[in-house]
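The structure appears below as C-alpha cells.
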Amino acid sequence: MTRGDLRPPSLNADEKTTLVAFLDYLREAIIGKAHGVPDEAARTAGVPSGTSLLRLVKHLIAVEHNWFVWAYAGEAVELWDDEAFPGPADTAETLFAEYRAMVERCNAIIAACPDLDRPGARSLRETDPPSMRWVLVHMIEETARHAGHADILREQIDGSTGR
C-alpha cells in the first residue's frame with residue numbers, strides 16, 4: 001500500500017513561519033506513517049534497539065515537552081523521559097492525541113516568542129540556553145531523523161512507502 005507522496009510546504013514567508021511550517025509538516029509525517037497501523041504492529045519493535053512507530057511518537061512528545069515547555073519557556077514542570085516505551089494504555093489514538101496537544105502547546109510558545117534570537121530560560125545541555133531559532137532547527141532535525149526511521153518501520157510492517 002502506498003501512502004502517497006506529500007511534498008514539503010511550498011511557501012515564501014518570514015523565517016519563523018517557514019521554520020514552523022516545516023516542523024509541522026514533519027510532525028504530521030510522523031503521525032501519517034503510524035496512522036492505520038494496528039496498535040500491536042505499531043507497538044512492535046522493528047529493530048533490535050526496540051524502536052517502534054509508537055515509541056517514536058512517545059519519544060517526540062517528550063522531546064517537544066522538554067525543549068519547548070521545560071527548557072525554552074522555563075515552566076515549573078518535570079522533565080519527561082524521552083527513552084520511555086509506550087505503556088499498556090498507550091494506543092496509536094491516545095498517543096496521536098497527546099502529540100497533537102503537545103504540538104499545539106509548543107506552537108503557542110513559539111508564537112509568543114517575539115525574536116528568534118531570544119534565548120530560552122534554561123538548557124537541556126551543559127550550555128547557555130539556546131535561542132528559539134536553535135530549538136526550532138534542532139526540533140526539525142530531530143523530527144526529520146525520526147520520520148526517516150518511521151518510513152523504514154512502516155515499510156517493514158506493510159510495504160507502505162511515501163512521505
Side-chain angles (χ1 to χ4, degrees), residues 6 8 16 19-113 116 118-157 163:
L6 306 175
K16 184 194 252 184
L19 291 170
V20 173
F22 272 83
L23 181 55
D24 283 343
Y25 162 74
L26 292 165
R27 289 162 164 164
E28 283 302 315
I30 292 288
I31 291 173
K33 278 300 178 179
H35 182 73
V37 176
D39 280 352
E40 185 176 328
R43 177 183 301 282
T44 301
V47 293
S49 66
T51 301
S52 69
L53 288 171
L54 292 187
R55 187 172 183 205
L56 288 173
V57 175
K58 190 165 185 84
H59 169 74
L60 288 169
I61 294 166
V63 170
E64 294 242 3
H65 171 272
N66 292 345
W67 275 110
F68 287 112
V69 178
W70 184 87
Y72 193 83
E75 292 184 19
V77 295
E78 296 290 321
L79 283 171
W80 290 1
D81 180 2
D82 64 6
E83 296 297 324
F85 285 85
D90 290 327
T91 65
E93 183 179 323
T94 62
L95 287 175
F96 293 167
E98 190 176 344
Y99 190 33
R100 285 191 168 118
M102 184 57 65
V103 164
E104 187 175 323
R105 185 175 183 189
C106 295
N107 279 351
I109 292 168
I110 297 163
C113 177
L116 293 180
R118 181 182 170 272
R122 54 189 169 214
S123 181
L124 287 165
R125 300 177 177 192
E126 289 92 34
T127 63
D128 290 335
S131 68
M132 176 58 81
R133 178 181 292 103
W134 187 94
V135 174
L136 281 167
V137 171
H138 172 62
M139 287 308 306
I140 290 167
E141 175 270 329
E142 177 88 6
T143 308
R145 190 162 34 94
H146 294 313
H149 297 149
D151 283 340
I152 294 165
L153 293 171
R154 180 66 188 256
E155 188 172 353
Q156 288 176 337
I157 291 167
R163 282 187 262 210

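For this chain, numbers begin at 1 and follow the sequence in order. Only this structure's heavy atoms are used, side chains among them; waters, hydrogens and symmetry mates stay out.
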For the student: nearest non-hydrogen atoms of [X] and [Y], plus distance:
{"X": "I110", "Y": "M132", "value": "CA-CE, 3.8 Å"}
{"X": "I30", "Y": "A150", "value": "CD1-CB, 4.5 Å"}
{"X": "P129", "Y": "P119", "value": "O-CB, 3.5 Å"}

For the pair [X] (side chain) and [Y] (backbone), establish whether a donor and an acceptor sit closer than 3.5 Å, ignoring hydrogens and angles.
{"X": "R154", "Y": "H35", "answer": "yes"}
{"X": "D24", "Y": "A21", "answer": "no"}
{"X": "D82", "Y": "H59", "answer": "no"}

Within the 4.5 Å heavy-atom criterion, are [X] and [Y] side-chain neighbours or not?
{"X": "W134", "Y": "W67", "value": "yes"}
{"X": "K16", "Y": "L116", "value": "yes"}
{"X": "I31", "Y": "V57", "value": "no"}
{"X": "T143", "Y": "M139", "value": "yes"}
{"X": "V103", "Y": "L23", "value": "no"}
{"X": "I157", "Y": "L53", "value": "yes"}

Non-neighbouring partners of W70 that pass ring pair (Phe, Tyr, Trp, His ring centres under 6.0 Å), sequence neighbours left out: none

Hey, what's the ring geometry for W80 with H65, parallel, tilted or perpendicular (30° and 60° as the breaks)? parallel

Ring-plane angle category for H146 and H149, please: parallel below 30°, perpendicular beyond 60°, tilted otherwise. tilted

Nearest 0.5 Å please: distance from the [atom1] atom of [X] over to the [atom2] atom of [Y].
{"X": "S52", "Y": "Q156", "atom1": "OG", "atom2": "CD", "result": "11.5 Å"}
{"X": "I61", "Y": "L56", "atom1": "CD1", "atom2": "CG", "result": "11.0 Å"}
{"X": "R27", "Y": "R100", "atom1": "CZ", "atom2": "CZ", "result": "12.0 Å"}

Give the intermediate values and the outcome of side-chain contact (heavy atoms from CB on, under 4.5 Å) for residues L153 and V37. CA-CA 11 Å; L153 293 171; V37 176; over 6 Å; no

Ion pair [X]/[Y], N-O distance below 4.0 Å:
{"X": "E141", "Y": "R145", "answer": "yes"}
{"X": "R122", "Y": "E75", "answer": "no"}
{"X": "E83", "Y": "R55", "answer": "yes"}

What's the verdict on side-chain contact (heavy atoms from CB on, under 4.5 Å) for F68 and M102, showing C-alpha distance, side-chain angles and the deciding distance? CA-CA 10 Å; F68 287 112; M102 184 57 65; over 6 Å; no

Candidate pair L54 and D90, rule side-chain contact (heavy atoms from CB on, under 4.5 Å), full reasoning: CA-CA 8 Å; L54 292 187; D90 290 327; 5.7 Å; no

Please determine whether salt bridge (Lys or Arg N to Asp or Glu O under 4.0 Å) holds for the pair K33 and E155, giving the CA-CA distance in whole Å, both sets of side-chain angles, and the decisive distance to 0.1 Å. CA-CA 9 Å; K33 278 300 178 179; E155 188 172 353; over 6 Å; no

